[in-house]
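Below: the structure, in structure tokens.
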2 protein chains.
Amino acid sequence: MAGVTKELLLEDISVCAPANHTEPIDRAVAEAMATILKAVADPARLQLLSILKYAPSQEACVCDLTEPLGLSQPTVSHHLKVLADAGLVSRERRGSWAWFSLVPVRLDELRSFLE
Amino acid sequence: MAGVTKELLLEDISVCAPANHTEPIDRAVAEAMATILKAVADPARLQLLSILKYAPSQEACVCDLTEPLGLSQPTVSHHLKVLADAGLVSRERRGSWAWFSLVPVRLDELRSFLE
DNA sequence: ATTGTATATCGACATTCATCAATATAGATA
DNA sequence: TATCTATATTGATGAATGTCGATATACAAT
């Protein structure tokens, strides 16, 4: 099935926007949030997010990322896919290169949820 | 070796207090933060944190937690240990019961790091 | 001491995951 | 078309992890 994205859309986790809970979350919400948190809970992916944050024009292509991470190109590509599926980074193809950039609102959601 | 704790102390991650970075984090910092994030990135543990947050007097014992989570007592005990090792909850023995409560400053650190 | 209850640890199992080499795909250029 | 480069996918492998039953430990109360 081409064109099907596995990205978790914001609407899927209705509870994580305002974080105005008055009672404990249930299993379904916990699983949805855990999916996003798992995407962040990896050293390589934390480095990727950090590099993107401080990159000129807040973006970078895969070829700029393998060397600072010390990982192979397939592995870096894999990590970027995990981040993209979680909605934490976006991908834009320009010529032969794939440019990745942060989706800041997604990290805002994470922080809100932890309040 | 009795009395040895595996808790990650705040001092161990010198960079996560103010979150005033000006350059990308290195692998060591990323690994330290990933350890704490991994502790949070699990549905059962997110539920535990949430239940503790809304519990009367912000604490609960294991026997109060198995039923809402639908998991066995050893499994809940295991998850609480993971959270305690990450410094996210504290444990206090009172009689036969072990009372767990949140360590809010630890969650503050997580949020700061994601800024 | 014995019994009972609450919690922790152990051992095992199935699943997930990070990683790489090999290969496939996409796009640019000749 | 053919070729070159950048990125994505596949397949395999070893490590980490969530879960439970069985057992051990800690504490209270007979």
Side-chain angles (χ1 to χ4, degrees), chain A residues 1-7 27 30-31 33-49 52 59-86 89-101, chain B residues 1-7 27 30-49 51-52 59-86 89-101:
Chain A
M1 269 196 174
V4 171
T5 177
K6 288 200 295 182
E7 176 175 336
R27 179 78 188 192
E31 282 177 357
M33 282 306 307
T35 300
I36 304 176
L37 281 165
K38 276 180 201 294
V40 182
D42 176 87
R45 294 196 285 269
L46 284 176
Q47 283 191 274
L48 286 174
L49 293 174
L52 288 177
E59 63 179 2
C61 59
V62 181
C63 59
D64 294 329
L65 297 168
T66 55
E67 188 267 333
L69 260 63
L71 295 173
S72 72
Q73 175 266 318
T75 300
V76 173
S77 235
H78 161 70
H79 285 307
L80 287 167
K81 178 173 167 47
V82 173
L83 290 172
D85 286 346
V89 305
S90 63
R91 177 183 177 280
E92 185 195 352
R93 191 101 195 188
R94 291 208 296 272
S96 299
W97 290 268
W99 293 90
F100 290 87
S101 49
Chain B
M1 272 195 187
V4 171
T5 176
K6 288 201 296 183
E7 176 174 337
R27 180 78 188 190
E31 282 177 357
M33 282 307 307
T35 300
I36 305 177
L37 281 165
K38 276 179 200 293
V40 182
D42 176 87
R45 294 196 285 271
L46 284 176
Q47 283 191 273
L48 287 174
L49 293 174
I51 291 172
L52 288 177
E59 62 179 2
C61 60
V62 181
C63 59
D64 294 329
L65 297 168
T66 55
E67 187 267 334
L69 260 66
L71 295 173
S72 71
Q73 175 267 317
T75 299
V76 172
S77 236
H78 161 70
H79 285 307
L80 287 166
K81 179 172 166 48
V82 173
L83 290 172
D85 286 346
V89 305
S90 63
R91 178 184 176 278
E92 185 196 351
R93 191 101 196 188
R94 291 207 297 272
S96 300
W97 289 267
W99 292 90
F100 290 86
S101 50

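Every chain is numbered from 1 and lettered A, B, ... according to where its sequence line falls, protein lines coming before strand lines.
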Could you check whether any side-chain heavy atom of Pro68(B) comes within less than 4.5 Å of a side-chain heavy atom of Ile51(B), counting everything from C-beta outward? yes
My understanding is that only residues two or more places apart in sequence, or in another chain, count here; which of them pass side chain to side chain donor-acceptor pair (under 3.5 Å) with Gln73(A)? none
Nearest-nucleotide comparison on DNA chain D, the residue closer to the 5′ end among Pro74(B) and Arg45(B): Arg45(B)
Scanning both residues in full, the closest heavy-atom pair of Ala41(A) with Ala34(B) reads C-CB, 4.1 Å
Approximate separation, where rounding is to 0.5 Å, of Asp42(A) CG and Leu37(A) CG: 13.0 Å
For Phe100(A) and dA6(D), give me the distance from atom CZ to atom C1', rounded to whole Å. 11 Å
Residues in residues 60-73 of chain A with a heavy atom under 4.0 Å of DNA chain D, by number, are Cys61(A), Val62(A), Cys63(A), Gln73(A)
Please state whether the phosphate of dT9(D), meaning OP1 or OP2, lies under 4.0 angstrom from any side-chain nitrogen or oxygen of His78(A). no
Starting from P on dA16(D), measure out to NZ on Lys38(A) and report it in whole angstrom. 16 Å
Mind listing the closest non-hydrogen atom pair of Phe100(A) and Leu52(A) along with its distance? O-CD2, 3.3 Å
On the nucleotide dT19(D), are OP1 or OP2 found under 4.0 Å from the side-chain N or O atoms that His79(B) carries? yes
Hey, are the side chains of Leu65(A) and Leu80(A) touching, using non-hydrogen atoms and a 4.5 Å cut-off? yes
For Ala30(A), give me all partners under side-chain contact (heavy atoms from CB on, under 4.5 Å), at least two apart in sequence or on another chain. Ile25(A), Pro43(B), Leu46(B), Gln47(B)
Out of curiosity, Met33(A) CE to Leu49(B) CG, how far, rounded to the nearest 0.5 Å? 11.5 Å
Given protein heavy atoms under 4.0 Å, the one-letter contact record of nucleotides 25-30 of chain D, with B base, S sugar-phosphate only and - none, is simply --BS--
Distance check needed: dT19(D) C1' versus Arg27(A) CZ, whole Å only. 11 Å
Answer yes or no: does a side-chain N or O of Arg91(A) lie under 4.0 Å from OP1 or OP2 of dT7(D)? no
For Trp99(B), what residues pass the side-chain contact (heavy atoms from CB on, under 4.5 Å) criterion, not counting sequence neighbours? Glu59(B), Cys61(B), Asp64(B), Arg94(B), Trp97(B)
All heavy atoms of Leu69(B) vs all of Ala44(B), minimum pair found to be CD2-O, 3.7 Å
Counted 5' to 3', the first and last nucleotides of DNA chain C within 4.0 Å (strictly under) of a heavy-atom of chain B are dA6(C) to dT19(C)
Quick one: are Val82(B) and Arg45(B) in side-chain contact, heavy atoms under 4.5 Å? yes
